[in-house]
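For reference, the structure discussed in these notes is given below.
The model shown is predicted, which means the values in this text are computed figures rather than measured ones.
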Amino acid sequence: MDDQDFFLVDSLHGMTFAGLESRTSRSLDVTVTFVKSNKFPPIIHSMDTKKRLDLNLLVTLETLLVEQNVTRAAERLHLSQPAVSAQLSRLRELFDDPLLIPVQRGMTPTAKALDLLGPLRHALDQVRATLAEHRHFDPLRARLTVAIACTDYLQKTVVQPLAIALRKRAPGVRIALRHLDPSQLETQMATGEVDLALMTPEHGPISLRSRHLFDERYVLIGRHRHPGLRRGLSVEQFARLDQVIVSLHGGDFATPVDDGLAALGYKRNVALSAASFLFVPEIVAQSDFVALVPERLVRDRGETLKVVECPFPVPGFAVSMLWHERNHGHSGQRWIREAIMELARQQ
């Protein structure tokens, strides 16, 4: 990634509450109030009794929960492994919980640790925002490349309008599309190969930050004047239609939709298994095939396609935006994330 901006990388490290208070007392009061009102009673007890809780401990806890490995956490914090281990011991004492339990590869967080991660990040983000508020991203002058990993459906429905909008709002911002591979995503983001991922959140690594974009549903499409496609279609009529399905792994002729049909006593006629959603509206518009597709994919195809409701319930899915901690404080990346959120709300 090439740009003129810079990262806010662990800028809190090396600062104590006492040292930070003289510079950002107003924002720190907000942060401490948030912490006191949320899920940190053990920390508050320690703050009240020891009075000088080192903010480094909270930064270390956040990093450990993300990395789930003392060695990697030490590298990110620019500390020695013994120093991070010592801080973890202090954190375990403060929270009266192991927080991270050794496993065969790395460590796994306890239930209490997972419960703390969200509010901990929120509290630290308030402090980071105060420290970084002078860093302004000018989209008209910026030079930035953003690598986005997503499926072809999301390239069409999210990235395409984003690319068009950026030509006017941020002409120096470029988008590099990457193939989405959930099994490699965490590594790709840690190394900077991928900056953002658009995907269903349940398939994303828990260590990544995420934000909900929208909920999607499926609709049934066919060409105008299709002899068998009409509103109020019965399940039996639906099952008899020649259908196209999308098999992301290639070659499958069944999806979870077929499980739902089987429960109702029907089996549909799948004539074509496609590897891409983008292919489906084109072939459906020129044939007597029908297909179940995400609704946003065909919102602008009213002239060539007929869209009706599926005659039985088909579960939809959520779409989220995921990113790594290394990009969280970057002003340009933050601007791109907000631009994507704005476009998602408009659709």
Side-chain angles (χ1 to χ4, degrees), residues 1-13 24 59 62-63 66-67 72 75-78 121 124-182 184-199 204-205 207-214 278 319-347:
M1 181 172 59
D2 56 303
D3 59 88
Q4 296 176 338
D5 294 284
F6 43 86
F7 291 96
L8 178 62
V9 180
D10 299 322
S11 59
L12 298 181
H13 199 78
T24 57
V59 177
E62 180 190 37
T63 306
V66 170
E67 296 292 346
R72 290 200 302 267
E75 290 174 354
R76 273 190 55 186
L77 295 169
H78 307 291
R121 277 178 161 172
L124 290 176
D125 284 348
Q126 288 182 282
V127 182
R128 290 188 179 109
T130 300
L131 296 175
E133 63 185 0
H134 66 285
R135 299 178 179 184
H136 175 65
F137 178 76
D138 183 353
L140 290 175
R141 300 178 59 186
R143 295 293 182 268
L144 177 67
T145 298
V146 181
I148 301 177
C150 60
T151 63
D152 57 353
Y153 149 68
L154 289 168
Q155 290 177 20
K156 168 68 174 175
T157 58
V158 178
V159 180
Q160 179 176 305
L162 173 66
I164 294 171
L166 289 180
R167 290 307 86 208
K168 293 182 179 180
R169 299 177 59 187
V173 175
R174 305 184 302 178
I175 297 175
L177 287 173
R178 300 277 190 263
H179 172 69
L180 178 64
D181 184 351
Q184 297 297 316
L185 186 59
E186 189 171 14
T187 299
Q188 291 173 326
M189 286 194 165
T191 60
E193 183 180 349
V194 171
D195 297 311
L196 284 173
L198 308 175
M199 60 188 298
S207 63
L208 299 179
R209 289 179 176 263
S210 67
R211 193 168 178 184
H212 178 265
L213 288 178
F214 57 85
L278 300 188
V319 174
S320 291
M321 175 170 53
L322 283 70
W323 66 96
H324 194 275
E325 189 71 26
R326 70 192 298 275
N327 279 348
H328 183 66
H330 187 277
S331 59
Q333 295 283 343
R334 185 168 57 246
W335 187 89
I336 291 292
R337 294 195 297 266
E338 291 302 322
I340 292 174
M341 284 297 304
E342 181 181 341
L343 287 170
R345 285 192 294 264
Q346 292 173 357
Q347 293 182 352

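In terms of heavy atoms, Leu140 sits closest to Lys168 at CD2-O, 3.9 Å. Counting all heavy atoms, side chain and backbone alike, Asp138 lies closest to Arg141 at OD2-CD, 2.9 Å. Considering every non-hydrogen atom in both Cys150 and Leu198, the closest pair reads CB-O, 3.6 Å. Across Gly192 and Arg326, no two heavy atoms sit closer than the pair CA-NH1, 3.4 Å. Between His212 and Ser320, the shortest heavy-atom distance links the atoms CA-OG, 3.6 Å. Closest approach of Met189 and Leu322 over heavy atoms only: CE-O, 3.2 Å.
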Could you go step by step and tell me if Glu325 and Glu62 meet the side chain to side chain contact (heavy atoms under 4.5 Å, CB included) rule? CA-CA 10 Å; Glu325 189 71 26; Glu62 180 190 37; 3.5 Å; yes
CA sep, side-chain torsions, deciding dist, call: Val146, Arg174, side chain to side chain contact (heavy atoms under 4.5 Å, CB included): CA-CA 6 Å; Val146 181; Arg174 305 184 302 178; over 6 Å; no
Under the side chain to side chain contact (heavy atoms under 4.5 Å, CB included) rule, what do Arg209 and Asp125 come out as? Steps first, then yes or no, please. CA-CA 12 Å; Arg209 289 179 176 263; Asp125 284 348; 3.2 Å; yes
Show your reasoning for whether side chain to side chain contact (heavy atoms under 4.5 Å, CB included) applies to Leu213 and Met341. CA-CA 6 Å; Leu213 288 178; Met341 284 297 304; 3.2 Å; yes
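Gln160 contributes atom CD, which lies 10.5 Å from atom CG of Leu177 (distance to the nearest 0.5 angstrom). In this structure, CD in Glu67 is found 5.0 Å from CZ in Arg76, a value given to the nearest 0.5 Å. To the nearest 0.5 Å, atom OG1 of residue Thr63 and atom CD of residue Glu75 are 12.5 Å apart. To the nearest 0.5 Å, atoms CG (Asp152) and CG (Leu278) are separated by 4.0 Å. Taking CG from Asp195 and CD from Gln333, the interatomic distance works out to 4.0 Å, rounded to the nearest 0.5 Å. Interatomic distance, His179 NE2 to Gln184 CD, rounded to the nearest 0.5 Å: 10.0 Å.
Arg169 has no carboxylate O lying under 4.0 Å from a charged side-chain N of Glu338, or vice versa, which leaves the two without a salt bridge.
Looking at heavy atoms from C-beta onward, Met321 lies out of side-chain contact with Ile336 at the 4.5 angstrom threshold. Annotation: side chain of Leu343 is not in contact with side chain of Ile340 (no heavy-atom distance under 4.5 Å). Looking at heavy atoms from C-beta onward, Pro139 lies out of side-chain contact with Val173 at the 4.5 angstrom threshold.
Checked against Ile148 for a side chain to side chain contact (heavy atoms under 4.5 Å, CB included), the options Leu162, Val194, Val158 give a single hit: Leu162.
In this view, Gln155 satisfies the side-chain hydrogen bond (donor to acceptor under 3.5 Å, both in side chains) rule with no residue, not counting sequence neighbours.
Between His328 and Trp323, the two ring planes are parallel [angle under 30°; tilted spans 30° to 60°].
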